[in-house]
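Comments concern the structure below.
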Amino acid sequence: DMEIITYVLEGALEHRDSTGNGSVIRPGDVQRMSAGTGISHSEYNHSQTAPVHFLQIWILPDRIGLQPSYQQKAFPVEERRGRLRLVASPEGQHGAVIVHQDARLSVAGLASGDRIAHELGHNFGDDYFLASYRQISAYWRTPSSSSGPATCRTDAPLAFFCCLVV
């Protein structure tokens with residue numbers, strides 16, 4: 001039982017699983033696979049020559065025994081340039097893939113000097129995951145209370161910035 005979210009940063013990742021799903025995940029794509037009651041899968045570099053760099057985030061589901069399932073969506077760079085774009089959430093808000101947990105995953109592409117803010121809300125938990133790719137320097141500030149805006153500023157371009165709130 002696991003929710004597995006894959007996000008490709010560079011290159012292409014090929015996916016095949018025992019439910020018959022198969023796809024190539026490219027930069028900007030988000031794939032969610034619910035392992036549930038059992039699934040076999042393989043992932044490998046789609047290219048014989050170009051490298052692939054990706055994030056894979058494993059989250060415990062909100063309940064055990066889910067049927068295995070799969071979802072993949074593309075999120076164009078225009079939707080995440082200079083702002084956080086929700087890409088995974090419990091109800092699939094704003095076109096996000098559905099994750100079976102009270103968790104939200106957002107991504108952004110930031111240019112030098114860009115600032116973003118994110119309202120954490122009253123249900124903000126203790127787990128907050130941030131990742132960046134090809135980062136020179138970025139600053140993230142969380143509020144002192146569990147509610148209020150968290151802000152990020154970067155002094156150099158970031159090809160990828162990820163925010164996961166659980």
Determine all donor-acceptor pairs shorter than 3.5 Å in which one atom belongs to a side chain in residues 22-30; sequence neighbours excluded.
| unit_1 | atom_1 | unit_2 | atom_2 | d |
| --- | --- | --- | --- | --- |
| S23 | OG | Y70 | OH | 2.7 |
| S23 | OG | Q72 | OE1 | 2.7 |
| D29 | OD2 | R26 | N | 2.9 |

Q. Under 3.5 Å, side chain of Q101 to main-chain N/O of L60, donor-acceptor pair present?
A. yes
Q.
For P76 versus A74, what's the shortest heavy-atom pair and its separation?
A. CD-O, 3.7 Å
Q) Of the non-hydrogen atoms in P90 and D102, which two are nearest, and what is the gap between them? A) CG-CA, 4.0 Å
Q) With a 4.5 Å heavy-atom cut-off, do H46 and V52 have their side chains touching? A) no
**Q.** Smallest separation among heavy atoms of E78 and R83, with atom names
**A.** O-NH2, 3.1 Å
Q) Under 3.5 Å, is there a donor-acceptor pair between the side chain of Q71 and the main chain of V97? A) no
Q | Gap separating the CD atom of E3 from the NE2 atom of H100, nearest 0.5 angstrom | A | 5.5 Å
Q) Transitively linked via ILVMFWY side-chain contacts under 4.5 Å: L66 with I4? A) no
Q: Determine the minimum heavy-atom distance between A35 and P68, stating which atoms define it.
A: O-CG, 3.7 Å
Q: Rounded to the nearest 0.5 Å, what's the gap from CE on M33 to CG on N21? Could you check?
A: 9.5 Å
Q: Could you grab the distance from atom OG of S89 to atom CZ of R32, nearest 0.5 Å is fine?
A: 11.0 Å
Q) Could you give the distance from CD (Q93) to CD1 (I98), rounded to the nearest 0.5 Å? A) 9.0 Å
Q) Is the closest side-chain donor-acceptor distance between H15 and T6 under 3.5 Å? A) no
Q) Do you know which two heavy atoms are closest between R16 and Y44, and how far apart they sit? A) NE-OH, 3.8 Å
Q. E43 and Q31: side chain to side chain contact (heavy atoms under 4.5 Å, CB included), yes or no, with the steps?
A. CA-CA 12 Å; E43 294 160 329; Q31 181 194 85; 4.2 Å; yes
Q. In Å, rounded to the nearest 0.5 Å, how long is the span from OG of S34 to CD1 of I5?
A. 9.0 Å
(Q) Distance check, rounded to the nearest 0.5 Å: L13 atom CG versus N45 atom CG? (A) 7.5 Å
(Q) Please evaluate residues V107 and Y7 with respect to the criterion side chain to side chain contact (heavy atoms under 4.5 Å, CB included), reporting the C-alpha separation (whole Å), side-chain torsions for both, the decisive distance (0.1 Å), and the verdict. (A) CA-CA 10 Å; V107 298; Y7 187 86; 3.8 Å; yes
